[in-house]
Asker: 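The structure's right below; bear with me while I get my questions together.
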There are 2 protein chains.
Amino acid sequence: MTIRTRATRLDVARLAGVSSAVVSYVVNNGPKPVAATTRHRVLEAIRALDYYPDEAARRLRGVGGSTIGYLVPDIRNPFFADMTAAFNRALRLRGYHLLLADLGDDDAQERSYLELFRTKRVDGVIAWQTASVNDLVDFLTSSAIPFVLVAARHPGASSIMIDEEAAANLAVGHLKALGHRRIAYVGPRDVTHHPQSRRPFVERALRQAGLPVNGEWFVDMAALDDAPTAARRLATAPGRPTAAIVHNDAFAIRIVSNLIELGSAVPGDLSIVGYDDLEASRYTRVPLTSIGYSKSDIGRLAIDLLLRRGEGATTREELTLPVALVVRASSARAG
Amino acid sequence: MTIRTRATRLDVARLAGVSSAVVSYVVNNGPKPVAATTRHRVLEAIRALDYYPDEAARRLRGVGGSTIGYLVPDIRNPFFADMTAAFNRALRLRGYHLLLADLGDDDAQERSYLELFRTKRVDGVIAWQTASVNDLVDFLTSSAIPFVLVAARHPGASSIMIDEEAAANLAVGHLKALGHRRIAYVGPRDVTHHPQSRRPFVERALRQAGLPVNGEWFVDMAALDDAPTAARRLATAPGRPTAAIVHNDAFAIRIVSNLIELGSAVPGDLSIVGYDDLEASRYTRVPLTSIGYSKSDIGRLAIDLLLRRGEGATTREELTLPVALVVRASSARAG
DNA sequence: CTGAAAGCGCTAACAG
DNA sequence: CTGTTAGCGCTTTCAG
């Protein structure tokens, strides 16, 4: 446990009695072969001096690094936390690491994070849908940084997202099978400002199922703090919907909590279906029925997509992931 | 949105009709002054070429970087997610960024992450209590990387943690005031393997309060998955404790959920007090009474501690943060 | 106030 | 198989 001053590749070369190039060949397994005995001596010297290469110098020489910029709306949101872990795991397996860019729900930071990615010369970027996808796509494209968009589509980007159509059909189908006819939606209403809105999919699914589509049953909720208002709207909606599909579980947890405070029973008065099948959704007041999908698959596939782009693949790819319904206590027979 | 090849500081110099040194002076505001008109020309050129400095080259020259390694046991745990956000915010304000090292509950990864920090030449490390603190402290010390330990103490490290003694007294005092006399503890029992165990503090607090200390009321729980067993033990403990102090809210949420499934009422049969005052603890089946403290203060203070060390301060510092009790539905009058 | 030039640690020709 | 060497882009003396 002594503090020594860092050894450089030259120190190793001297100790091993070889040139600095050979050390390089050994460390990188190439590009030239090294005699077994020499290699051994070098390895010894490395151990003896506790030598490790300097990434900065390497990068300067043009060798690709190993870090991926990760732009996430809010890591405190359990959904993003889960997904971050999945991405991290997938990346690690391939020798990469995450530089964390947590917006903390403050979209204004986005630009400065992108600039950070650029100066740091990250090898790629994974980005969630944020306020200004267009700026993001432009910036990364013009900076020639490979990237993939998660849970969003954009004509200029590779992306990955769940099968929204199937998800909406699943949710609607489940509720219909339970005898519900008046089904509400709680989530971002305005599709232009919230491209991630699930409203269009839910609407279409309702139509296809032959169920009524009522504008007053589309309750706007764009942030967690909207929950009290949204819950009130939902509970007092004209025509009394008996079920609601909520944009995600994080929202749903808050909605349920607020409904109960307002005296509405879940699922007694209102059945609820969320999205994302959060770990946390099992331990809430009323465990949530939810649209689930494999988070680790998203992680794995997104990374592959990204690294493929990093290797110079120019084709844009759009991946769609299958979903499944996880039934728990928040949805029950109508009536 | 065109893909141009990166401009170097020399391109800027040429376009501005100055030497590369001057560009450097402008970009870094020093170390030499630059005439206003020259500076203006340089700035123009930078804009025109969309120039940005290369961090790798800079680091190679010995200029400090701006990234901090962050070793966290499991980012999916809402507590760590909250704290990560707090650290990130505090760091950003000071121009630093987090390189995420999420163990994902797999301690075996620790060493390789530490090595990563070293090759990447991070400017500091923030580390939570993990399996092998000693190795961690040795490694970072001998690599001359400044670091601070969070929620742990070690003779060779600067550290920050909450006032465990006050916390235990608060929890015990609250329950005692509600008329509870038989108080259990759920958490890691074995202090050697789990240095973060709160058991000793709870034990001492019970003694000081003149309440009984019963070995059978100390229920072992070291991971989330232990919850079912721990809940059963707690519900069937001899002498029927009427309240329990649980190691943290994440555990407490699971314990409450399991107790209810077992037919025990919370707080009817058992009052529960947790630690950490998670956001999530407000929306669980029974909102939790919990020991709270300022997560942003921890973030801020830890960073200051770290940067002070980075500046060559050699004094080890141990910070202790105040706590407060947040009373919610999970604790009620005994009886 | 501005410029020339050395060199950070490393890789990869190129030449033995 | 091994060695020599030219830079990667930047900061910073040292001279003007």
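Chain letters run A, B, ... following the sequence lines, proteins first, then strands; residues in each count from 1.
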Asker: Considering only heavy atoms and no angle criterion, is a donor-acceptor pair shorter than 3.5 Å present between the side chain of B:Arg61 and the base of C:dG7?
Answerer: yes
Asker: In whole Å, I'd like the distance from the CG atom of B:Asn28 to the P atom of C:dT2.
Answerer: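 Atom CG in B:Asn28 sits about 16 Å away from atom P in C:dT2.
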Asker: A side-chain contact here means heavy atoms from C-beta on lying under 4.5 Å apart; do A:Glu110 and A:Ser132 qualify?
Answerer: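 Contact flag for A:Glu110/A:Ser132 side chains = yes.
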Asker: Round to the nearest Å and state the distance from B:Arg9 atom CZ to D:dC8 atom C1'.
Answerer: 11 Å
Asker: Let me know the distance between CG of B:Leu49 and P of D:dG9, rounded to the nearest Å.
Answerer: 14 Å
Asker: Rounded to whole angstrom units, what separation is found between the CG atom of B:Leu60 and the P atom of D:dC10?
Answerer: 12 Å
Asker: Between A:Leu149 and A:Leu136, is there a side-chain heavy-atom distance shorter than 4.5 Å?
Answerer: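 SC-SC contact between A:Leu136 and A:Leu149 confirmed.
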Asker: Would you call A:Ser66 and B:Lys120 a side-chain contact if the rule is heavy atoms closer than 4.5 Å?
Answerer: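 Result yes, sub-4.5 Å side-chain heavy-atom pair found.
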Asker: Of A:Leu71, A:Asn88, A:Val72, which meets side-chain contact (heavy atoms from CB on, under 4.5 Å) against A:Leu100?
Answerer: A:Val72
Asker: Taking only side-chain nitrogens and oxygens of A:Ser19, does any of them come within less than 4.0 Å of OP1 or OP2 of D:dT2?
Answerer: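 No, no such contact exists.
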Asker: Closest to the B:Val63 side chain: C:dT2, D:dT11, D:dC8?
Answerer: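 When the side chain of B:Val63 is considered, D:dT11 is the closest of C:dT2, D:dT11, D:dC8.
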Asker: Can you tell if the side chain of B:Ser20 reaches within under 4.5 Å of the side chain of B:Arg14, non-hydrogen atoms only?
Answerer: no
Asker: When you measure from the side chain of A:Pro33, which nucleotide among D:dT11, C:dG3, D:dC1 comes out closest?
Answerer: D:dC1
Asker: Would you say a side-chain N or O of B:Thr8 is under 4.0 Å from OP1 or OP2 of D:dC10?
Answerer: yes
Asker: Does B:Thr38 make a side-chain N or O approach to OP1 or OP2 of C:dT2 shorter than 4.0 Å?
Answerer: yes
Asker: From NZ of B:Lys32 over to P of C:dA4, roughly how many Å is that when rounded to an integer?
Answerer: 14 Å
Asker: Answer yes or no: side-chain N or O of B:Tyr25 and base N or O of C:dG3 forming a donor-acceptor pair under 3.5 Å.
Answerer: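 Flag set: donor-acceptor pair detected.
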Asker: Given atom NE2 of B:His40 and atom P of C:dC1, what is their separation to the nearest angstrom?
Answerer: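 Interatomic distance, NE2 of B:His40 to P of C:dC1: 17 Å.
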Asker: Starting at CZ of A:Arg59 and ending at C1' of D:dC8, how long is that distance when rounded to a whole Å?
Answerer: 12 Å
Asker: Ignoring backbone atoms, establish whether A:Arg58 has a side-chain N or O less than 4.0 Å from OP1 or OP2 of C:dC10.
Answerer: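 For C:dC10, OP1/OP2 do not have a side-chain N/O of A:Arg58 under 4.0 Å.
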